[in-house]
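Numbering of ligands and ligand atoms starts at 1, following listing order. Since this is a predicted model, take the numbers as computed values, not measurements. Heads up: numbering here begins at 1 and tracks the sequence.
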Amino acid sequence: MAILQVEHLRQVYQSKDGETVALEDIHFSMEKGEFFSVVGPSGCGKSTLLSIISGMLPATDGRVLVAGEEIKAPSSHIGYMLQQDNLLEWRTIRQNVLLGLEIRRQLTPEMRDRADHLLETYGLAAFANRHPSQLSGGMRQRAALIRTLAINPDILLLDEAFSALDYQTRLEVTEDVYRIIKREQVTALMVTHDIPESICMGDKVLILSERPAVIRTVLPIRFNMDKRTPITCRSQPEFAGYFNHIWKELGMNEALETAGTVAGEDPLS
Ligand SMILES: Nc1ncnc2c1ncn2[C@@H]1O[C@H](COP(=O)(O)OP(=O)(O)O)[C@@H](O)[C@H]1O
Ligand SMILES: [Mg+2]
């Protein structure tokens with residue numbers, strides 16, 4: 001059975017200026033351990049989609065099931081990582097990692113052990129009593145991920161989670177996050193505006209249309225190699241083909257023509 005079922009989601013926002021239809025019939029499912037990337041034009045409804053899946057935003061129509069159970073409110077089945085790492089400076093790293101469990105009143109000895117084990121496994125035990133500002137950007141993201149994984153979620157949602165990082169750190173963090181997610185066998189759904197990142201991380205890339213977002217294409221990503229990691233994908237012969245496919249589907253050629261520029265080697269930089 002699919003771990004995540006997203007069924008015919010439709011979202012309409014009401015405001016004093018009228019209605020905004022953000023999502024139109026979004027329908028897909030994920031198997032346990034899969035990693036899907038989501039790309040789409042700015043403002044098309046990507047964050048709306050994740051907010052609904054997280055249980056924080058009730059959908060106008062449609063429903064979300066995790067392990068067969070309908071999600072109607074935020075739950076420990078779902079972990080959510082945003083752009084800001086949201087670590088609290090007055091708490092130590094360990095206290096930050098335990099925060100999600102505290103809020104959910106799940107701070108049992110077993111869950112505390114699990115959190116300590118994650119800190120240990122992923123090289124943060126030595127920093128457990130430090131405060132966030134004493135860590136590098138990459139380490140902070142790792143701590144934020146471990147805090148999210150400490151609640152033992154079935155699904156991990158990432159909304160442009162790395163976009164505040166500088167390029168070098170971002171490459172390191174994606175490598176780091178990918179390794180941890182695969183090792184913990186977490187099912188992950190990641191929104192990104194970075195096409196290479198969507199390819200490097202994803203088993204599939206969901207390409208969304210302009211608002212109201214519909215799924216234009218579900219693009220399976222396969223590399224002919226034994227053990228892929230984000231960095232090694234980038235030098236594979238298939239990579240450019242995937243890039244061009246997504247680029248075209250997003251209508252970026254037209255966008256560039258309108259802007260009077262010419263498509264270059266790395267149009268996003
Ligand atoms: N709370 C809200 N009320 C009204 N409109 C909203 C609200 N949140 C988002 N929108 C609108 O819905 C559309 C999709 O927003 P969003 O999901 O944030 O897009 P994305 O993450 O793809 O950039 C945008 O036009 C945005 O202005
Ligand atoms: Mg967004």
Side-chain angles (χ1 to χ4, degrees), residues 4 6-28 30 35-64 66 71-74 78-86 141 144-145 148 153 155-167 170 173-174 177 188-202 204-219 243 245-256 258-259 267-269:
L4 174 69
V6 172
E7 294 186 345
H8 304 291
L9 286 185
R10 181 162 189 274
Q11 183 64 23
V12 183
Y13 289 114
Q14 308 285 350
S15 70
K16 59 179 185 330
D17 307 324
E19 291 191 336
T20 303
V21 184
L23 304 177
E24 195 68 82
D25 201 22
I26 300 283
H27 190 87
F28 66 93
M30 295 183 72
F35 193 120
F36 283 14
S37 304
V38 180
V39 295
S42 178
C44 77
K46 302 179 294 297
S47 295
T48 299
L49 173 63
L50 293 203
S51 299
I52 294 172
I53 296 172
S54 77
M56 293 195 299
L57 179 69
T60 309
D61 284 305
R63 57 181 197 159
V64 174
V66 172
I71 298 293
K72 291 180 170 165
I78 295 155
Y80 204 171
M81 254 183 98
L82 302 164
Q83 187 177 324
Q84 307 81 9
D85 58 39
N86 287 318
Q141 281 294 337
L145 175 63
T148 310
I155 311 285
L156 176 66
L157 305 174
L158 303 127
D159 194 354
E160 313 240 5
F162 316 126
S163 53
L165 303 170
D166 65 78
Y167 185 68
R170 185 170 180 146
V173 168
T174 47
V177 166
L189 186 61
M190 176 184 79
V191 166
T192 179
H193 61 252
D194 186 302
I195 299 175
E197 193 171 279
S198 74
I199 301 165
C200 289
M201 308 276 280
K204 289 181 181 160
V205 179
L206 305 188
I207 307 172
L208 304 183
S209 69
E210 298 273 352
R211 196 188 78 223
V214 297
I215 298 178
R216 288 184 67 150
T217 305
V218 179
L219 181 67
F243 185 96
H245 184 132
I246 297 169
W247 177 258
K248 285 210 186 84
E249 290 240 16
L250 289 175
M252 298 296 270
N253 282 336
E254 294 94 271
L256 283 177
T258 316
L268 292 181
S269 68

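The nearest protein atom to atom 25 (O) of ligand 1, hydrogens excluded, is given as R211 NH1, 2.8 Å; this is a heavy-atom distance. Scanning all protein heavy atoms for the shortest distance to atom 16 (P) of ligand 1 gives T48 OG1, 3.7 Å. Looking from atom 10 (N) of ligand 1 to the surrounding protein, the closest heavy atom is Y13 CE1, 3.3 Å.
Residues L158 and L189 form no side-chain contact, since every pair of their non-hydrogen atoms from C-beta on lies 4.5 Å or further apart. Using a 4.5 Å heavy-atom cutoff, the side chains of M190 and E197 are in contact. Taking 4.5 Å as the limit, every side-chain heavy atom of T60 sits out of range of all side-chain heavy atoms of Y13. With a 4.5 Å cut-off on side-chain heavy atoms, H245 and L219 count as touching. Annotation: side chain of T174 is in contact with side chain of M201 (closest heavy-atom distance under 4.5 Å).
Distances from the Mg ion (ligand 2) show that S47 has an N/O/S atom below 2.8 Å.
Here atom 23 (O) of ligand 1 lies nearest to G43 when heavy atoms of C44, P41, G43 are compared.
Below 4.0 Å from some heavy atom of S47 lie the following atoms of ligand 1, by number and element: 17 (O), 18 (O), 20 (P), 21 (O).
Residue G45 places a heavy atom less than 4.0 Å from ligand 1.
Other residues, nucleotides and ligands place no more than 12 heavy atoms under 6.0 Å from the CD atom of E210.
For atom 19 (O) of ligand 1, the protein comes within 4.0 Å by at least one heavy atom. Atom 2 (C) of ligand 1 is flagged as protein-proximal [any protein heavy atom, distance under 4.0 Å].
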Using side-chain contact (heavy atoms from CB on, under 4.5 Å), reason through V12 and E19 one step at a time and then give a plain yes or no. CA-CA 6 Å; V12 183; E19 291 191 336; 3.8 Å; yes
